[in-house]
Amino acid sequence: MKKGQTYTGVIERMEFPNRGIVYIDGEKAVVKNGLPGQKVTFVINKKRNGRCEGRLLKVEEPSFLETEPNCCPHFGRCGGCLMQSIPYEEQTVIKRGQMELLLGDFGEIGGVRPSPVWEGYRNKMEFSFGDEEKGGPLALGMHRRGSFHDVVNADFCRIVHGDFTRILTATREYFKEAGAPFYRKLKHEGYLRHLLVRRAVKTGEILAALVTTGQTGFLSESGWAGEMGEERLGERPEEILLEGWRACMAALPLEGSFAGILHIRNDSLADVVQSDCTTVLWGQDYFYEELLGLRFKISPFSFFQTNSLGAEVLYELVREYVGDTRGKVVFDLYSGTGTIAQILAPVAKEVVGVEIVGEAVEAARENAAMNGLSNCRFITGDVLKVVGELDAKPDLIVLDPPRDGIHPKALEKIIGFGVERMVYISCKPTSLVRDLEVLRGNGYEVERMECVDMFPCTGNIETVCLLSNRKPDTKVRIDVDQEDYYRIKDAKKTQN
């Protein structure tokens with residue numbers, strides 16, 4: 001195969017998370033977002049060291065697996081879902097095969113525990129403002145698959161509750177009528193950036209946050225704000241615009257109810273949802289969700305599993321792997337809002353949580369107090385820097401790191417505690433592979449391993465590992481950059 005050339009072939013399998021594998025005349029190509037069994041046309045856009053990567057151009061024939069009758073109308077264009085056209089039971093079979101390929105060297109995959117629901121499961125969405133085509137009308141939704149700029153209007157979405165799309169549609173129509181411009185990332189100009197919506201499954205409480213820049217000069221240019229300003233002299237155009245949006249939200253017929261309606265200002269150049277300043281337009285800047293009999297306070301940027309019902313399955317599995325904590329000191333590293341810590345706390349001697357996000361730590365402390373748990377201690381800081389300074393000695397360590405896994409030096413310090421057992425929860429199996437290599441080289445073997453499908457219709461999955469210390473004579477370290485590490489691993493697989 002040659003770079004720039006177009007080929008047609010059948011996807012033989014899909015490797016984690018979305019790597020469709022095609023063979024043309026015995027040569028392997030990776031085509032992202034291709035499903036097993038699909039006949040696809042693709043162009044080779046990268047070829048290096050005998051490794052070919054193709055960009056999907058067209059699905060010529062659907063897969064024999066694509067028998068789900070009620071796909072979302074945006075499926076295939078929207079970048080949010082990958083496997084929605086495949087029945088859910090078959091999705092979990094595919095994911096299990098992917099995990100066995102990735103993790104089989106470390107032990108047997110006990111299975112994939114499915115999500116209790118696969119429709120309407122997400123409790124958080126970050127929608128983007130933009131346009132579906134250059135110069136087109138205002139759009140609000142998800143990025144088009146394979147694009148950082150085009151946005152697909154998401155008036156219907158199968159993986160969220162209907163309240164999400166009601167809020168989205170009303171917000172888009174309001175600002176379209178207002179003529180407010182969206183933020184253009186290449187020019188760094190405009191006003192509207194994102195709409196953040198969080199909805200608790202158990203309580204039905206909702207937070208809606210409009211994320212904008214501080215470039216309010218663009219509002220006066222739209223004409224609408226100026227017209228409104230004639231009737232309300234003395235107020236800034238932005239205040240008028242936001243008050244109108246708040247009233248629009250408050251009037252919506254929803255199944256749930258608003259806990260808060262917020263305005264977040266974000267002038268960073270990065271295309272991420274973050275806050276330089278948050279203003280409460282109505283209500284409060286938090287809501288409550290319930291998991292396994294405990295109550296949790298969640299703010300706009302608190303980490304909380306995006307599938308509440310799936311989280312109960314995940315944490316029940318963690319509790320099963322942890323076993324009896326009576327009289328034990330447990331370290332919950334990368335503790336977020338302290339969900340795992342509080343689930344393990346009732347019979348433990350003490351649970352110590354470490355989390356780098358200060359807001360999450362404050363929420364964890366409030367949640368523990370609200371749930372009547374006095375034996376939880378939460379510390380703000382980077383695990384790499386804090387873990388060596390902790391005064392307690394753990395009997396058990398629970399690890400729930402971010403997607404990139406654990407920093408190698410932090411992992412060395414964690415191993416240095418010498419605990420007999422660890423439970424590792426991973427949302428990115430490729431990062432887990434790297435860390436398990438280090439743990440195995442330092443005496444830890446995988447005793448049990450299972451997956452929980454927290455993200456139906458997508459290529460993502462959570463993995464839970466129970467590790468026991470076997471204390472070997474040799475130790476290994478991995479100090480290379482993570483991306484270099486995976487390039488080396490992938491090169492070896494290609495050679496084989």
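Since this is a predicted model, take the numbers as computed values, not measurements.
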State the [atom1]-[atom2] distance between [X] and [Y], to the nearest 0.5 angstrom.
{"X": "S308", "Y": "L314", "atom1": "OG", "atom2": "CG", "result": "12.0 Å"}
{"X": "R122", "Y": "F164", "atom1": "CZ", "atom2": "CZ", "result": "8.0 Å"}
{"X": "R144", "Y": "E133", "atom1": "CZ", "atom2": "CD", "result": "8.5 Å"}
{"X": "R96", "Y": "C451", "atom1": "CZ", "atom2": "SG", "result": "8.5 Å"}
{"X": "I11", "Y": "L65", "atom1": "CD1", "atom2": "CG", "result": "12.0 Å"}
{"X": "L467", "Y": "F106", "atom1": "CG", "atom2": "CZ", "result": "10.0 Å"}

Legend entry - Pair F303 and F301, ring centroids less than 6.0 Å apart: no
Inset, instruction - Starting from the C-alpha separation in whole Å, work towards a yes-or-no answer on side chain to side chain contact (heavy atoms under 4.5 Å, CB included) for V398 and Y334. - result: CA-CA 9 Å; V398 177; Y334 311 95; over 6 Å; no
Inset, instruction - Take F42 and I24 through the test side chain to side chain contact (heavy atoms under 4.5 Å, CB included) and record every step on the way to the result. - result: CA-CA 11 Å; F42 60 96; I24 304 293; 4.0 Å; yes
Can you check whether [Y]'s main-chain N or O pairs, donor with acceptor, with [X]'s side chain at less than 3.5 Å?
{"X": "Q84", "Y": "C72", "answer": "yes"}
{"X": "Q38", "Y": "V40", "answer": "no"}
{"X": "S63", "Y": "P36", "answer": "yes"}
{"X": "E462", "Y": "V452", "answer": "no"}
{"X": "R145", "Y": "C81", "answer": "yes"}
{"X": "D163", "Y": "G256", "answer": "yes"}
{"X": "E289", "Y": "V201", "answer": "yes"}
{"X": "S431", "Y": "R403", "answer": "yes"}
{"X": "D382", "Y": "L384", "answer": "yes"}
{"X": "E126", "Y": "V273", "answer": "no"}

For a quick test of reading the model, state the closest non-hydrogen atom pair linking [X] to [Y] and the distance between them.
{"X": "T165", "Y": "C157", "result": "CG2-N, 3.9 Å"}
{"X": "A139", "Y": "N153", "result": "CA-OD1, 3.2 Å"}
{"X": "P429", "Y": "L103", "result": "O-CD2, 4.4 Å"}
{"X": "G459", "Y": "Q98", "result": "O-OE1, 4.5 Å"}
{"X": "E316", "Y": "L292", "result": "OE2-CD2, 3.6 Å"}
{"X": "R166", "Y": "L252", "result": "O-CD1, 4.0 Å"}

Carboxylate-amine/guanidinium contact [X] [Y], below 4.0 Å:
{"X": "D150", "Y": "K134", "result": "no"}
{"X": "K95", "Y": "E100", "result": "no"}
{"X": "E53", "Y": "K47", "result": "no"}
{"X": "R434", "Y": "E437", "result": "no"}
{"X": "R265", "Y": "E238", "result": "yes"}
{"X": "E132", "Y": "R77", "result": "yes"}

Report yes if some heavy atom in the side chain of [X] is under 4.5 Å from a heavy atom in the side chain of [Y]; otherwise report no.
{"X": "L399", "Y": "I406", "value": "yes"}
{"X": "N307", "Y": "N123", "value": "no"}
{"X": "L192", "Y": "L210", "value": "yes"}
{"X": "M454", "Y": "I461", "value": "no"}
{"X": "V318", "Y": "I343", "value": "no"}
{"X": "K185", "Y": "H149", "value": "yes"}
{"X": "L242", "Y": "L281", "value": "yes"}
{"X": "M83", "Y": "I94", "value": "yes"}

Inset, instruction - Measure from NZ or CZ of K297 to the centre of the six-membered ring of Y288 and say whether it is under 6.0 Å with the direction within 45° of the ring axis. - result: no
Looking only at side chains, do [X] and [Y] share a donor and an acceptor under 3.5 Å apart?
{"X": "S85", "Y": "E68", "answer": "no"}
{"X": "E450", "Y": "Y321", "answer": "yes"}
{"X": "T212", "Y": "H263", "answer": "yes"}
{"X": "T8", "Y": "T41", "answer": "yes"}
{"X": "S299", "Y": "E359", "answer": "yes"}
{"X": "D400", "Y": "Y424", "answer": "no"}

Inset, instruction - Verify side chain to side chain contact (heavy atoms under 4.5 Å, CB included) between D131 and L138, making sure each step is shown before the conclusion. - result: CA-CA 5 Å; D131 51 18; L138 182 68; over 6 Å; no
Legend entry - Stepwise side chain to side chain donor-acceptor pair (under 3.5 Å) check, Y183 with H188: CA-CA 7 Å; Y183 178 73; H188 305 301; 3.0 Å; yes
Inset, instruction - Evaluate side chain to side chain donor-acceptor pair (under 3.5 Å) for D155 paired with T169, printing each intermediate quantity in order. - result: CA-CA 6 Å; D155 290 304; T169 302; 2.7 Å; yes
Inset, instruction - Using a cut-off of 6.0 Å, state whether more than 12 heavy atoms not belonging to K3 lie near its atom NZ. - result: no
Inset, instruction - Determine whether more than 12 heavy atoms belonging to other residues, nucleotides or ligands lie under 6.0 Å from atom CD of E27. - result: yes
Inset, instruction - Go through the steps for V31 and Y7 under the test side chain to side chain contact (heavy atoms under 4.5 Å, CB included), then give the verdict. - result: CA-CA 11 Å; V31 181; Y7 300 89; over 6 Å; no
Inset, instruction - Describe, in one word, how the ring planes of F296 and F304 are oriented to each other, choosing from parallel (under 30°), tilted (30 to 60°) and perpendicular (over 60°). - result: tilted
